[in-house]
Participant: 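Encoded as structure tokens, here's the structure I'll be asking about.
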Amino acid sequence: MSTLKNHVQLIGNVGQEPTITNLDSGKKVARFSLATNEYYKDVKGEKQTDTNWHTVVAWGKTAEIIEKFVGKGKEIGVTGKLKTRTYTTDEGNERYVTEVEANEILLLGSKND
């Protein structure tokens with residue numbers, strides 16, 4: 001049960017080409033946005049879409065797989081955990097960012113995607 005404490009599963013479409021960074025240590029990190037859609041009918045019975053955007057970060061082998069196989073628009077599944085970090089802007093303002101740290105991805109859709 002301890003793995004359920006901070007566990008995220010998402011299926012969505014990649015919003016832009018992933019950014020791959022090669023660190024001095026030799027490790028890779030991939031960053032990309034993922035759009036998840038929920039569909040519902042409004043009071044008039046018309047279909048509506050609610051899109052949420054998530055920032056996903058992946059390290060090591062997972063980042064290498066993303067670099068090779070994942071591009072803008074690709075449908076993927078992601079499992080991981082939520083991570084919050086803090087940074088200071090050039091103007092001295094403190095910002096908080098919550099990201100999904102992916103530890104596993106699943107390539108979905110057709111081979112032609």
Side-chain angles (χ1 to χ4, degrees):
M1 285 298 250
S2 65
T3 58
L4 293 177
K5 289 182 180 175
N6 186 358
H7 183 80
V8 177
Q9 289 182 304
L10 299 170
I11 293 177
N13 294 85
V14 176
Q16 83 281 344
E17 290 297 319
T19 302
I20 308 297
T21 305
N22 294 300
L23 303 176
D24 292 338
S25 64
K27 241 183 174 183
K28 287 189 180 198
V29 60
R31 289 183 183 279
F32 60 95
S33 60
L34 187 72
T36 56
N37 295 314
E38 292 184 61
Y39 303 98
Y40 63 94
K41 290 189 177 180
D42 62 16
V43 293
K44 296 178 183 176
E46 297 173 0
K47 186 177 177 181
Q48 300 293 321
T49 304
D50 183 22
T51 303
N52 286 288
W53 288 93
H54 313 274
T55 301
V56 181
V57 179
W59 298 86
K61 292 283 186 194
T62 306
E64 291 174 17
I65 292 168
I66 290 166
E67 181 179 33
K68 288 181 185 176
F69 301 108
V70 175
K72 180 180 179 177
K74 176 76 175 163
E75 184 180 29
I76 65 170
V78 174
T79 62
K81 60 185 175 181
L82 291 178
K83 292 284 254 190
T84 302
R85 61 184 175 86
T86 307
Y87 68 94
T88 304
T89 65
D90 293 338
E91 294 81 31
N93 298 319
E94 196 168 31
R95 299 276 189 243
Y96 297 90
V97 179
T98 300
E99 302 167 319
V100 176
E101 187 175 285
N103 55 29
E104 189 175 352
I105 64 161
L106 178 63
L107 304 173
L108 303 170
S110 68
K111 288 187 176 184
N112 296 332
D113 283 351

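For the numbers below, each heavy atom of this structure counts, side chains included, while hydrogens, waters and symmetry mates do not. Keep in mind that this is a model prediction, so the values were computed, not measured.
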Participant: Please name the pair of heavy atoms, one in Ala30 and one in Ile20, separated by the smallest distance, quoted to 0.1 Å.
Facilitator: CB-CD1, 3.5 Å

Participant: What about Phe32 and Phe69, same hydrophobic cluster or not, with Ile/Leu/Val/Met/Phe/Trp/Tyr joined at side-chain heavy-atom distances under 4.5 Å?
Facilitator: yes

Participant: Over all heavy atoms of both residues, which pair between Gly71 and Pro18 is shortest? Give the atoms and the distance, please.
Facilitator: CA-CD, 4.1 Å

Participant: Just verifying a value: how many Å separate Gln9 CD and Glu104 CD, rounded to the nearest 0.5 Å?
Facilitator: 9.0 Å

Participant: Give the cluster check for Val8 versus Val70: same hydrophobic cluster or not, with ILVMFWY residues linked at side-chain heavy-atom distances below 4.5 Å.
Facilitator: yes

Participant: Between atom OG1 of Thr84 and atom CD of Glu99, what is the distance when rounded to the nearest 0.5 Å?
Facilitator: 8.5 Å

Participant: With side chains defined as the heavy atoms from C-beta onward, is the minimum distance between Thr62 and Asn103 less than 4.5 Å?
Facilitator: no

Participant: Under 4.5 Å between any side-chain heavy atoms of Leu108 and Ile76, yes or no?
Facilitator: no

Participant: Are there more than 12 heavy atoms of other residues, nucleotides or ligands under 6.0 Å from atom CD of Gln48?
Facilitator: yes

Participant: As an exercise, state the distance from NZ of Lys81 to CD of Glu101, rounded to the nearest 0.5 Å.
Facilitator: 5.0 Å

Participant: Distance check, rounded to the nearest 0.5 Å: Thr98 atom OG1 versus Lys83 atom NZ?
Facilitator: 11.5 Å

Participant: Cationic tip of Lys47 within the cone over Tyr39's six-membered ring, i.e. under 6.0 Å and within 45° of the normal?
Facilitator: yes

Participant: Any link between Val29 and Val14 through a network of hydrophobic side chains (Ile, Leu, Val, Met, Phe, Trp, Tyr) touching at under 4.5 Å?
Facilitator: no

Participant: Hey, can you pull the donor-acceptor pairs under 3.5 Å for the side chains in residues 50-61, sequence neighbours left out?
Facilitator:
unit_1: Thr51; atom_1: OG1; unit_2: Asn37; atom_2: OD1; d: 2.6
unit_1: His54; atom_1: NE2; unit_2: Thr36; atom_2: OG1; d: 2.8

Participant: Write down the atom of Asn13, the atom of Gly73, and the distance for their closest heavy-atom approach.
Facilitator: ND2-O, 3.0 Å

Participant: Given the rule that I, L, V, M, F, W and Y join up when any side-chain heavy atoms are under 4.5 Å apart, are Leu34 and Val97 in one cluster?
Facilitator: no

Participant: Hey, what do you get for NZ (Lys68) to CG (Leu107), rounding to the nearest 0.5 Å?
Facilitator: 12.0 Å

Participant: Starting at CD1 of Ile105, measure out to CD1 of Ile66 and round the result to the nearest 0.5 Å.
Facilitator: 4.5 Å

Participant: Ignoring hydrogens, what is the shortest heavy-atom contact between Lys72 and Glu17? Give both atom names and the distance.
Facilitator: N-OE2, 3.0 Å

